[in-house]
Amino acid sequence: MKDDSPGLFGPLPSSRVVPVLVPMPAPVAYSYAVPDGMPVEPGSVVQVPLGPRQVIGVVWDGPEAGSVDPKKLRSITKVFDCPPLDGPMRTFLDWVAAYTLSPPGYVARMALRAPAALDPEPMVEGFRFSGMEPERMTPARRKVLDLAGDGLSWTKSGLAHASGVSTSVIDGLAAQGVFETVFLPPPPLVARPDPDFAEHRLAGPQKEAADEILDGIRKGGFSVALIDGVTGSGKTEVYFEAIAETLRQGRQVLILLPEIALTANFLERFQDRFGAKPGEWHSDLATRTREKVWRQAATGEIRVVAGARSALFLPFEDLGLIIVDEEHDPAFKQEDRVFYNARDMAVVRARIAGFPVVLVSATPSVESQVNCQAGRYKRIHLPTRFADAALPDLHLIDMRRHPPERGGFLSPLLLRAVGRTIERKEQALLFLNRRGYAPLTLCRVCGHRFQCPQCSSWLVEHRFRGQIQCHQCGYSEPTPQACPECGTLDHLVACGPGVERIAEEVEKHFPDARTLVLSSDLGGVKRLRLELEAIANGEADIVIGTQLVAKGHNFPLMTLVGIVDADIGLANGDPRAAERTFQLLSQVTGRAGRTGRKSHGLLQTFQPMHPVMQALVSGDASAFYEREIAERERAALPPFGRLVSIIVSADSRAEAETHARQLRQTAPVERDIAILGPAEAPLALIRGRHRFRLLVHGRRSSDMQGFVRAMLANGPKERRSIQVQVDVDPQSFL
DNA sequence: AGCACGCCGACT
DNA sequence: GTCGGCGTGCTC
């Protein structure tokens, strides 16, 4: 009988005791006894009893946390047969936990997110030529022995396939003892990428950029480079050279991408260059595959992983380079449980382990711009588009001077441009970052506005589905005919445009054109892929799309991009609003114009003099960035502001004080600490004077956080004051 | 986080 | 009379 309870059958007093991080919000590692003879070292992945269940934990550093009641001590159940997390990895996880003020157990869990991968994959049965000739030789048997006669091991299906015979031939030979059974390590998930498979011949600025980066890689050690250049300037080719060089050094590479950019297209490009696909890591990976990727990254079989932000926590055997593509993308932020920005934490991981990082973006974040100016990051600028790709000419349409006709949202100028484009049998893209038909519905009789009963944001009409939906919480109901307030029938009026409404307007003006709406709420990934393919094949004339057209996909036949409302998002109170708008619109307009034909972008705006609009049409963003940097500095926002932590206690102020004291002692980064009681915290936040990561301490902290958030969301005028992330550049604290 | 224990309201 | 809500406490 197994008994791990303390006491009579508990661990002997002489047993070794080690700290173990368990997946629980405890502030420290727990202590466990090591059964005699169990091979356990810091970093070992183990299974331990925790309360009524068995959980996965990691043996951590340092002496045992002395003050545990020995009666409570329980024993490690088993050690998994996988490589222990190495020292730099443990330092990294500790650092992230301390910086983000997250329980270390949670951070460690992010590195162990592949439960069944912890034991080795089962061996695969294989066959090896035993040296004995079969009694009777047949043509099929001959073919098999021609291949396998050199004594190498084959899997049954592999050998059958390679020699063009059926597996029964192999079975027959095996039965006679011609083959002996051997057990082979499971085949690697992906082939080894070859750094010299199809080397691009780089020239000009690309060559210079690549040389500069290779220089850093050859020197070794930590460094950060930022490659910046417009869409199509060849950034990918440049960082592929960095990857090749790292592979030649025999080290592993991680490419971080926003999830949505992890497309088949990207993987193919990688394969074209390196002759094999990289390992993939993202949220909707099949469990089995996920486990394999985890393990093979840990054992070093996989040399390159391309992954979304969580791939940063994979336990590579010998990581030598991280690429962060689309470095500015907000998708690198995780905003639940452990709050982190994978771009910044990648820099930290590289610093700790001593290898280079390459950040890549056509529209770098303000933080990275500042780091370049400060000399912390090396800026590598790629000035031109190469080959036949030409950026579209961008022009503004001043909506005050060229208003749309009544009830419409497209100005005559834009409509005319669309008309000319489809006459030439080219494609036009209309971009509006708003799903549905109309963002607000109201009753013309009593003025009632349709609001979400759960979170009070406006309900968005989706005419295709006959529903009104809340984009905040997902609530939906069938579109009503009558006003629920005054009961009047057919006097509900849609206010403002969504993509569906733009499609309606387009169809009215161009009834013969083939229009297509691309929106994340219309069908799944599969449908989207088919639609993108159809567009690439010229099966649509006018595409109307939301944000999802901005990323990952190119539209080779597109020669006109119309931005329906370039001002959306400029005035939402987010200090990053202008930066985001600039980045988004740059990206959308960059989707077009790869045909070699002349292409255009038209941006409808009410604020033609706005710095974002000026930066877009002039093609020179430097003035815009200078202004953003100055604004951030003035407002003490990231990357200049000090790190502020607000401690809200769900219990008592005394408890919050204790947390603050601990924080001052243990946090790796100096920060200002404000202590607020449960009553005052929401008020302080609502006044909107601070923008900081909201930290709520105390037992029921998750409830408390929900409460504070709800207060913020419901404060009718002040919802803009919510901001739940610290983006202070960790580099400056290292 | 999970999970158990424990105490009060509406149901077979 | 019980089932089940979530408030509180505990896990080496």
Side-chain angles (χ1 to χ4, degrees), chain A residues 2-36 38 40-80 85 90 93-94 96-97 100-115 118 283 310 313 334-340 454 648-652 654-656 658-659 662 678 694-710:
Chain A
K2 198 181 80 186
D3 191 329
D4 54 21
S5 64
L8 206 53
F9 301 102
L12 298 169
S14 63
S15 304
R16 197 151 63 99
V17 175
V18 292
V20 175
L21 284 184
V22 288
M24 213 195 47
V28 291
Y30 278 3
S31 300
Y32 282 88
V34 185
D36 282 341
M38 185 182 267
V40 153
E41 56 178 308
S44 293
V45 184
V46 293
Q47 189 181 59
V48 291
L50 182 69
R53 20 183 212 135
Q54 295 284 325
V55 296
I56 292 169
V58 203
V59 177
W60 219 236
D61 298 281
E64 54 174 290
S67 59
V68 197
D69 179 358
K71 285 202 172 65
K72 283 186 172 179
L73 261 191
R74 297 167 82 182
S75 296
I76 294 174
T77 313
K78 70 178 274 195
V79 191
F80 289 101
L85 304 185
R90 298 198 302 278
L93 296 176
D94 270 336
V96 172
T100 62
L101 306 185
S102 311
Y106 279 9
V107 180
R109 191 175 58 174
M110 297 196 298
L112 302 172
R113 267 291 160 82
L118 301 171
S283 62
S310 59
F313 293 92
Q334 171 149 86
E335 302 207 326
D336 58 77
R337 297 212 170 94
V338 180
F339 290 60
Y340 67 91
Q454 287 169 30
V648 181
S649 176
D651 299 330
S652 69
E655 191 171 334
T658 312
H659 281 298
Q662 282 171 359
L694 171 62
L695 291 158
V696 184
H697 285 243
R699 262 195 294 293
R700 290 291 93 141
S701 58
S702 54
D703 299 347
M704 186 71 190
Q705 236 177 54
F707 165 69
V708 174
R709 277 184 198 240

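We name chains A, B, ... by the order of the sequence lines, and we start the count at 1 in each one.
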Practice task
Could you check how far CG of Leu50(A) sits from P of dC3(B), rounded to whole Å?
Solution key: 10 Å
Practice task
Would you confirm whether Arg16(A), through its side chain, and Val40(A), through its main-chain N or O, come within 3.5 Å as a donor-acceptor pair?
Solution key: yes
Problem - Arg90(A) side-chain N/O to Leu85(A) backbone N/O, donor-acceptor pair under 3.5 Å - result: yes
Exercise for the section: Mind calculating the distance between CD1 (Ile76(A)) and C1' (dC12(C)) to the nearest angstrom? Expected result: 11 Å
Problem - Any donor-acceptor pair under 3.5 Å from Tyr106(A) side chain to Ala26(A) backbone - result: no
Practice task
Please state how far atom CG in Leu73(A) lies from atom P in dT11(C), giving the value in whole angstrom units.
Solution key: 12 Å
Problem - Sugar-phosphate, base or nothing in reach of Pro23(A), heavy atoms under 4.0 Å - result: nothing
Completion exercise
Leu21(A) atom CG is separated from dA1(B) atom C1', nearest whole Å, by 15 Å
Problem - Spacing of Gln47(A) atom CD relative to dC12(C) atom P, expressed in whole Å - result: 14 Å
Exercise for the section: Could you check how far CE of Met24(A) sits from C1' of dG2(B), rounded to whole Å? Expected result: 10 Å
Exercise for the section: Sequence neighbours left out, what passes side-chain hydrogen bond (donor to acceptor under 3.5 Å, both in side chains) with Ser310(A)? Give chain and number order. Expected result: Trp281(A)
Practice task
Please state how far atom CD1 in Ile56(A) lies from atom P in dG2(B), giving the value in whole angstrom units.
Solution key: 13 Å
Completion exercise
Side-chain contact check for Tyr32(A): nearest option of dA1(B), dC3(B), dC12(C) is dC12(C)
Practice task
Find the distance Gln54(A):CD to dC12(C):P and express it as a whole number of Å.
Solution key: 10 Å
Exercise for the section: Determine: side-chain N/O of Tyr30(A) to OP1/OP2 of dT11(C), distance under 4.0 Å, yes or no. Expected result: no
